[in-house]
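Numbers restart at 1 for each chain; the letters A, B, ... are given by sequence-line order, proteins then strands. Any value given below was found using the heavy atoms of this structure, including those in side chains, with hydrogens, waters and symmetry copies removed.
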Amino acid sequence: MATLPNPPSTPPAHPAPQRQRESGFPSSTTTASSLRALFLRAVDPSRPASWSAAVADLLSSGDAVAALATFAAAVRANPAALRPALPPALRAAAAATSLAAGRQLHLLALRSGLFPSDPYSASALLHMYHHCSRPMDARRAFDEIPDPNPVIITAMASGYVRNNLVYHSLDLFRAMIASDSASVVDEAAALVAFSASARVPDRGVTASLHALIAKIGFERNAGVVNTMLDSYAKGGSRDLEAARKVFDTMERDVVSWNSMIALYAQNGMSAEAIGLYSKMINVGGGIKCNAVALSAVLLACAHAGSIQTGKRIHNQVVRMGLEENVYVGTSVVDMYSKCGRVEMASKAFRKIKEKNILSWSAMITGYGMHGRGQEALEIFTEMKRSGLRPNYITFISVLAACSHAGLLDEGRYWYNAMKQEFGIEAGVEHYGCMVDLLGRAGCLDEAYSLIKEMKAKSDAAIWGALLSACRIHKNVELAEISVKRLFELDASNSGYYVLLSNIYAEAGMWKDVERIRLLVKTRRIEKPPGYSSVELKGKTYLFYVGDKSHPQHMEIYSYLEKLLERMQEAGYVPNTGSILHDLDEEEKESALRIHSEKLAVAFALMNSVPGSVIHIIKNLRICSDCHTAMKFITKITEREIIIRDLQRFHHFKEGLCSCQDYW
DNA sequence: CTAGGGTTAG
């Protein structure tokens, strides 16, 4: 149902009379607005270029529908306008994702002979089909083009990436390199190739593309290298040195800085990310920080638990008036949640103007991580009321919140509702949450049946959740089953050996404890270095087990000794059951005394403002002895201690910890 | 003269 506009020389006082057309073109109201635009621009109907400029202008001003209407008017007024106006019209159809309009334009291009001979129309046509999620239609058209030029091939390649056909895209790029001299690989082509390589698991792709563009001489080109940095970031590559080297020598723009900061942030190198952010602001050579930079650096603060730095960045967000921005706002929510300030997170959340599904998810997750399940579910209810439909990710947040808060009935309810009411198939993440929830609640058999019935392939997280539950509820039989599966998936993770040994020890099965201990020895299982970090006056301090690298370490150890004495007077008994190594009891106790959590807490007690919250980040799970120790330290010092580990927040304040493992 | 281009969030 569409109309063609009247010729612009006779402006209608009333809406233009309706005229039937095949389909796909816009309605009369838009026609009126497009006419207005034409008058503002003073189009000369006799000049085809004038028409095409009008179409392009309307498109770039964001009114794709008006651009299409104007195209229709142009062709009617002057058939010669078809050739120059067709490419921007196709782009307008792409922007409006109007397949009907696009197909009509395709037909027009065929009838007028512009397709496949005119490369400008051809590339725009492929672009249109890809934007309308019709990659195979694009493919059919592409195959009809006798000798596609690099622009056309790049249009095809980027469309494949857009439609998740990454390997098709890389194939085109490979053919491009092989067929001709490498000179056809221009900036846009290289860019698309990197955006494709960012989406494949094989990291070798990025590295080999890197070598190629170095050969062509694009290594300083901001556009190309920025995409490459992203590609390195997505792959979780450990080889950040190579990326940093390029960054240091290239001609950097805002995006380069943002990409490099994000690269560090996404790979857990928070200090580097924050450092680079400061460098950008201070010596970036006139580079202005923007919303993307703020989001990236907030992620780094969240990861490192750097609340002071995070607050500073938040101030910057407020100064720049970006509190309402949905991306930045969501990052602020995430940062405050992960830094243990869920009230601040909630305040920031309320400031976001147009909350999207991820904003809501972040807030649900925030409450969930802190064991505040009811509030998480209230946010979830509010989200649904606002008209947003929960998706796969939302239900991960909801079920995780239920599991962290031990809300068994609610968790069961929403798990079923997810499938029945919302038609979402449960994935490994959902199963992981449910196994954790059921397992902690003691419904071990139900958890086990759930794993057996799941369609998706079970992963280590799921069996690991079941194993932890077996520890809490002392189920040796199921623990052995879980460990068998875990060893098939990843036999090198020391955590499983420790848990199983704990379970045997608590059941008094000392022969089996011995067997596991031997296994650890013969398999040469190494515990990855655990660390605890704490932020003081904006600086982050990292402690490993028995760490002596800190200049104050002598004071820290003697402070800790005194603290331990007072703790033992208060009734603390070291829990040596979780130590696997072959040590006597006394050696075990001294091994426990120097756990990184204890060093970090001693350091924080010595140096922080009295009364302030001590917030520690642990890269592995907190051990049961440290958990017990923190309860006593809280009692003695009357300081609030929060430890965030891989799994959840541990709040040490009068039985507040919701982890259920150790209380 | 016109066409193909990327970074942030669980």
Side-chain angles (χ1 to χ4, degrees), chain A residues 48-49 52-53 55-56 83-91 94 118-128 130-131 138 148-162 169 172 176 186-196 198 221-231 233-234 253-263 265-266 290-300 302 322 325-335 337-338 352 355-366 368-369 391-401 429 433:
Chain A
S52 68
V55 176
R83 163 65 187 77
L86 186 61
L90 279 162
R91 268 172 47 224
D118 173 37
Y120 295 89
S121 303
S123 56
L125 183 73
L126 303 182
H127 175 87
M128 180 279 296
H130 279 302
H131 275 252
N149 69 23
V151 176
I152 291 172
I153 299 172
T154 309
M156 198 61 202
S158 77
Y160 275 144
V161 176
R162 162 176 293 271
S169 180
L172 279 178
M176 206 171 176
D186 63 6
E187 191 184 318
L191 226 130
V192 169
F194 276 118
S195 78
N221 180 304
V224 174
V225 180
N226 292 344
T227 329
M228 183 177 80
L229 291 177
D230 173 51
S231 172
K234 293 265 166 58
D253 64 9
V254 186
V255 180
S256 321
W257 285 92
N258 294 348
S259 301
M260 195 66 220
I261 294 169
L263 181 45
Q266 286 167 15
N290 64 12
V292 179
L294 292 167
S295 276
V297 76
L298 281 165
L299 177 69
L322 287 169
N325 177 300
V326 59
Y327 299 122
V328 180
T330 302
S331 301
V332 173
V333 169
D334 184 54
M335 182 276 293
S337 304
K338 292 208 170 109
I352 302 173
K355 303 178 187 65
N356 65 19
I357 192 108
L358 289 161
S359 322
W360 291 96
S361 254
M363 196 64 241
I364 295 169
T365 304
M369 284 191 300
N391 66 9
Y392 188 93
I393 292 170
T394 319
F395 278 106
I396 299 174
S397 306
V398 170
L399 296 177
E429 298 97 329
C433 294

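Nucleotide B/dA9 holds its P atom 12 Å from the CD1 atom of A/Ile393, rounded to whole Å. B/dA9 atom P lies 13 Å from atom CD1 of A/Ile261, rounded to whole Å. Spacing between atom CD1 of A/Ile357 and atom P of B/dA9 amounts to 17 Å, rounded to whole angstrom units. Atom pair A/Phe194:CZ and B/dT7:P shows a separation of 13 Å (rounding to whole Å applied). The nearest whole Å value for the distance from the CD1 atom in A/Ile352 to the P atom in B/dT8 is 18 Å. At whole-Å resolution of the value, CD1 in A/Ile152 and P in B/dG5 are 13 Å apart. Atom CE of A/Met156 is separated from atom C1' of B/dG5 by 17 Å (rounded to the nearest Å). The distance between atom CG of A/Asn221 and atom C1' of B/dG6, rounded to the nearest whole Å, is 12 Å.
Each of B/dG5, B/dA9, B/dA3 was ranked by its minimum atom distance to the side chain of A/Tyr327; first place goes to B/dA9. Ranking B/dG5, B/dA3, B/dT8 by closeness to the A/Ala262 side chain, first place goes to B/dT8. When each of B/dG4, B/dT2, B/dT7 is scored by its nearest atom to the side-chain atoms of A/Arg83, the top-ranked nucleotide is B/dT2. Candidate nucleotides B/dA9, B/dG6, B/dT8 were compared by shortest atom distance to the side chain of A/Asn226, and B/dG6 ranks first. The nucleotide whose nearest atom lies closest to any side-chain atom of A/Ala189 is, among B/dA3, B/dG4, B/dT8, B/dG4. With B/dA9, B/dG6, B/dA3 as the choices, the nucleotide that has an atom nearest any side-chain atom of A/Asp230 turns out to be B/dG6.
Nucleic acid contact class of A/Pro84 (heavy atoms, under 4.0 Å, all strands): none. Among the heavy atoms of the strands lying under 4.0 Å from A/Leu299 are primed sugar atoms or P, OP1, OP2 only; no base atom is included. Residue-level contact check: A/Asn290 touches neither bases nor backbone, having no heavy atom under 4.0 Å from any strand. Within the 4.0 angstrom heavy-atom criterion, only backbone atoms of the sugar-phosphate kind lie near A/Thr365; the bases stay farther away. When heavy atoms are screened at a 4.0 angstrom cut-off, A/Ser397 is found touching no nucleic acid atom at all. Looking at heavy-atom distances under 4.0 Å, A/Asn258 makes contact with a base. A/Ala124 comes within contact range of no nucleotide atom at all, as no heavy-atom separation falls under 4.0 Å.
Remark: A/Ser331 is not in phosphate contact with B/dT8, judged by side-chain N or O atoms under 4.0 Å from OP1 or OP2. Residue A/Arg91 has a polar side-chain atom (N or O) positioned under 4.0 Å from OP1 or OP2 of B/dA3. Taking only side-chain nitrogens and oxygens, A/Gln266 never comes nearer than 4.0 Å to OP1 or OP2 of B/dT7.
In this view, A/Phe395 and A/Phe380, A/Phe422 satisfy the ring-ring contact (aromatic ring centres under 6.0 Å, His included) rule, not counting sequence neighbours. Under the salt bridge (charged side-chain N to carboxylate O under 4.0 Å, His left out) criterion, A/Arg91 pairs with no residue at all, not counting sequence neighbours.
Residue side chain A/Thr154 reaches the base of B/dG4 through a donor-acceptor N/O pair under 3.5 Å, judged by distance alone. A donor and an acceptor atom sit less than 3.5 Å apart, one in the side chain of A/Ser123 and one in the base of B/dA3.
With centroids closer than 5.5 Å and planes inclined by less than 30 degrees as the test, A/Tyr120 and the base of B/dT2 pass as a stacked pair.
When atom types are taken as modelled, the side chain of A/Ser195 and the backbone of A/Val192 share a donor-acceptor pair closer than 3.5 angstrom. In this structure a side-chain-to-backbone donor-acceptor pair under 3.5 Å is present from A/Ser256 to A/Asp253. A donor-acceptor contact shorter than 3.5 Å links the side chain of A/Ser169 to the backbone of A/Ala157. Although no hydrogens or angles enter the test, the distance criterion places no donor-acceptor pair under 3.5 Å between the side chain of A/Ser231 and the main chain of A/Thr227.
Considering CD1 of A/Ile357 and CD1 of A/Ile393, their distance stands at 8.0 Å, rounded to 0.5 Å.
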